[in-house]
Amino acid sequence: MDEEYDCVVLGTGLTECILSGMLSVSGKKVLHMDRNKYYGGESASITPLEDLFSKFSNPKPDESYGRTRDWNVDLIPKFLMAEGQLVKLLIHTGVTRYLEFKSIEGSYVMGKSGKISKVPADEKEALTSDLMGLFEKRRFKNFLVYVQEFDEANPASWKDIDPHKTTMDEVYKKYSLDENTSDFVGHALALYRNDDYKSAPCLEAIKRIKLYSNSLAKYGKSPYLYPLYGLGELPQGFARLSAIYGGTYMLDKPVDEIIVGGDGKVTGVRSGSETVKCKSVYCDPTYAMDKSRKVGQVVRCICLMDHPIPNTKDALSTQIIIPQKQVGRKSDIYVTMVSYTHQVAGKGWFIAMVSTNVETGNPEAEIQPGLNLLGPIKNKFVQVSDVYEPLADGSGDNVFISKSYDATSHFETTCLDVLSIFKRGTGEEFDFSKVKHTLEDDV
């Protein structure tokens with residue numbers, strides 16, 4: 001372990017594993033360490049099932065759950081946007097050859113009636129949606145057509161909207177969209193977590209809506225993908241990739257100290273009596289608590305069920321977003337559900353997860369609107385996690401720290417963090433134009 005490396009990566013959470021893969025592919029000599037015996041850190045998939053029960057201090061599962069080795073339960077469940085940045089990173093780095101994906105069957109949103117409805121993402125769905133009245137449907141259809149034809153490089157397609165100045169609120173008013181419609185557009189299509197985006201220039205929101213509909217167009221049922229055998233497959237795929245490019249992995253290795261030289265810059269990492277030299281360190285906040293601060297909490301509830309979620313046409317996988325306004329909150333509630341068809345549960349079993357930002361002293365009550373949608377729950381496991389972010393950008397000491405995973409049910413926010421850290425650490429933007437093939441090329 002007394003060699004010298006360009007980078008030492010601490011923790012095998014998804015963010016760190018993607019960075020490790022990207023750094024290895026770009027020619028850096030990487031050592032990747034984790035204090036745990038398993039890959040994935042906070043974003044691990046737990047198997048066999050009794051490990052999940054014991055983690056939450058529950059008695060062992062009975063035989064009704066089937067073979068416990070058939071279960072892979074994500075601690076932090078998220079889906080991938082079919083056209084999103086994580087899929088591009090997976091393709092660029094070649095990790096897709098280790099993974100198999102399945103399309104998520106439905107994407108739903110809770111409307112003002114308290115009922116869940118399919119998120120309408122194209123003109124045809126807009127006209128049949130029960131979220132809007134007849135005239136509102138036409139207005140929404142016109143808005144969707146505008147977004148689809150919008151091209152940032154072609155000002156003629158902007159019509160009389162300036163994407164760098166006109167706010168999203170003004171765009172909604174221009175198309176006379178009512179509050180309920182703008183609510184599901186912002187939260188279920190553009191995937192914003194609160195309404196701050198409305199007062200910002202509309203370009204970012206328009207791009208997000210386009211991403212949703214382009215992802216939906218790719219596979220048809222929803223814009224989301226999910227890897228067979230659970231999200232724990234993602235960090236392991238990147239670990240294999242890093243190894244191919246000469247990266248070294250060490251699990252079950254305690255990390256005792258990040259060593260900083262006289263100039264304030266990192267010089268190495270100590271584990272017991274061994275020290276490894278390096279020029280930079282990439283890690284999750286738990287490896288550098290003195291350089292991180294707590295910014296909130298996320299509550300997540302894993303629910304094991306023997307039936308699909310009611311009112312989703314018996315979908316074997318789905319996502320539901322409950323916009324904050326519908327339940328008088330400051331942040332949205334996310335529900336994801338996967339099942340035995342993804343090789344993550346015993347036959348006939350379903351795993352739902354409800355998550356949101358903690359806003360009160362009673363986090364479990366805050367996720368109740370999500371739990372109410374699920375029908376009978378056989379077993380549930382509630383976890384409240386602290387959310388950390390780095391105090392500095394890493395340029396001073398060359399220690400680049402990721403943010404904790406948020407409550408969202410997709411990976412777009414995690415990817416923004418990965419790309420930001422990559423730029424801060426290497427001094428260059430990650431070039432997506434290098435991504436030459438698509439998911440289908442690997443099939």
Side-chain angles (χ1 to χ4, degrees), residues 1-44 55 75-76 232 235-236 238-295 385-405 414 417-418 420-427:
M1 187 165 143
D2 299 324
E3 281 185 69
E4 187 161 346
Y5 291 85
D6 294 317
C7 323
V8 172
V9 182
L10 304 177
T12 51
L14 183 64
T15 305
E16 283 66 42
C17 284
I18 298 175
L19 282 164
S20 176
M22 287 163 71
L23 291 164
S24 299
V25 169
S26 60
K28 301 271 190 263
K29 186 178 179 186
V30 178
L31 170 65
H32 202 148
M33 294 161 61
D34 195 314
R35 60 169 88 92
N36 296 314
K37 292 187 174 83
Y38 54 85
Y39 285 105
E42 299 280 303
S43 51
K55 182 178 167 62
L75 292 178
I76 298 182
Q236 291 188 55
F238 279 103
R240 287 185 200 128
L241 172 85
S242 186
I244 287 170
Y245 282 88
T248 306
Y249 269 74
M250 292 182 182
L251 293 180
D252 200 14
K253 194 83 180 161
V255 176
D256 296 309
E257 187 186 359
I258 295 173
I259 301 165
V260 175
D263 60 357
K265 296 206 181 294
V266 69
T267 60
V269 173
R270 183 173 69 79
S271 173
S273 59
E274 299 176 291
T275 298
V276 60
K277 294 191 181 95
C278 64
K279 300 183 186 79
S280 57
V281 166
Y282 296 78
C283 64
D284 73 49
T286 64
Y287 287 88
M289 295 303 280
D290 57 325
K291 298 175 189 289
S292 310
R293 65 188 175 121
K294 182 176 162 183
V295 290
S385 309
D386 291 339
V387 174
Y388 294 95
E389 66 180 27
L391 289 168
D393 65 4
S395 56
D397 55 5
N398 288 343
V399 177
F400 302 99
I401 303 167
S402 61
K403 296 175 181 172
S404 304
Y405 300 100
T414 303
D417 194 30
V418 166
S420 161
I421 295 169
F422 184 82
K423 186 182 177 187
R424 297 190 321 253
T426 62

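Computation of the quantities below employed the complete heavy-atom set of this structure, encompassing side-chain atoms and omitting hydrogens, waters and symmetry-equivalent molecules.
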#### Entry: Point-to-point distance, once rounded to the nearest 0.5 Å, from CD1 of Ile421 to CG of Asp393
11.0 Å
### Message
Closer than 3.5 angstrom, by distance alone: can the side chain of Ser271 be matched with the main-chain N or O of Lys253 as a donor-acceptor pair?
### Response
no
#### Entry: Residue pair Pro235 / Gly232: nearest heavy atoms and the distance that separates them
CD-O, 3.4 Å
### Summary
The reported gap from CG in Leu75 to OG in Ser43 (rounded to nearest 0.5 angstrom) is 8.5 Å
### Message
I want to check something: taking the side chain as every heavy atom from C-beta on, are Leu251 and Lys37 in contact at a cut-off of under 4.5 Å?
### Response
no
### Message
Taking the side chain as everything from C-beta on, heavy atoms only, tell me whether Val266 gets closer than 4.5 Å to Ile258.
### Response
yes
### Query
Is the backbone of Val387 close enough, under 3.5 Å, to the side chain of Ser404 for a donor and an acceptor to pair up by distance?
no
### Query
Measuring from Asp417:CG to Tyr405:OH, what's the distance to the nearest 0.5 Å?
9.0 Å
### Query
For the side chain of Lys29 and the backbone of Glu4, is there at least one donor-acceptor N/O pair under 3.5 Å apart?
yes
### Task
Measure the shortest side-chain to side-chain distance between Val295 and Lys403 over non-hydrogen atoms and say whether it is less than 4.5 angstrom.
no
### Query
Considering all heavy atoms of both residues, which atom of Phe400 and which atom of Ser280 are nearest to each other, and what is their separation?
CE1-CB, 4.0 Å
### Task
Kindly compute the distance separating CD (Glu16) from CD (Glu42), expressed to the nearest 0.5 Å.
10.0 Å
### Query
So which of Val269, Val9, Leu10, Val281 actually passes side-chain contact (heavy atoms from CB on, under 4.5 Å) with Tyr287?
Leu10
### Message
Please check: side-chain N/O of Arg240 versus main-chain N/O of Ser242, any donor-acceptor pairing under 3.5 Å?
### Response
no
### Query
Glu3 versus Leu31: any side-chain heavy-atom pair under 4.5 Å?
no
### Query
At their closest point, which heavy atom of Phe238 faces which heavy atom of Gly21, and how far apart are they?
CD2-CA, 4.4 Å
### Query
Taking the side chain as C-beta and beyond, is there a heavy-atom pair between Leu19 and Phe422 under 4.5 Å?
yes
### Message
Less than 4.5 Å apart, side chain to side chain, heavy atoms only: is that true for Tyr388 and Ile401?
### Response
no
### Query
So how far is it from Thr426 OG1 to Leu23 CG, rounded to the nearest 0.5 Å?
7.5 Å
#### Entry: Ion pair Lys279/Asp6, N-O distance below 4.0 Å
yes
### Message
Could you go through Arg35 and Thr286, starting from their C-alpha distance and side-chain angles, then the distance that decides it, and tell me whether this counts as side chain to side chain contact (heavy atoms under 4.5 Å, CB included)?
### Response
CA-CA 11 Å; Arg35 60 169 88 92; Thr286 64; 3.2 Å; yes
#### Entry: Pro285 side chain reached by Ser402 side chain, heavy atoms, under 4.5 Å
yes
### Query
Is Asp34 reaching over with its side chain to a backbone N or O of Thr12, donor-acceptor style, under 3.5 angstrom?
yes
### Task
Kindly give the heavy-atom pair with the smallest separation between Ser395 and Lys265, and that separation in Å.
O-NZ, 3.3 Å
### Message
Once salt bridge (Lys or Arg N to Asp or Glu O under 4.0 Å) is applied, do any residues pair with Glu389, and if so which ones, sequence neighbours excluded?
### Response
Arg293
### Task
Please round to the nearest 0.5 Å and tell me the distance separating atom OH of Tyr38 and atom CD of Gln236.
12.5 Å
### Query
With a 4.0 Å cut-off, would you call Lys294 and Asp386 a salt bridge?
yes
### Query
Counting N and O atoms only, with roles assigned by atom type, does the side chain of His32 sit under 3.5 Å from a partner on the main chain of Val8, one being a donor and the other an acceptor?
no
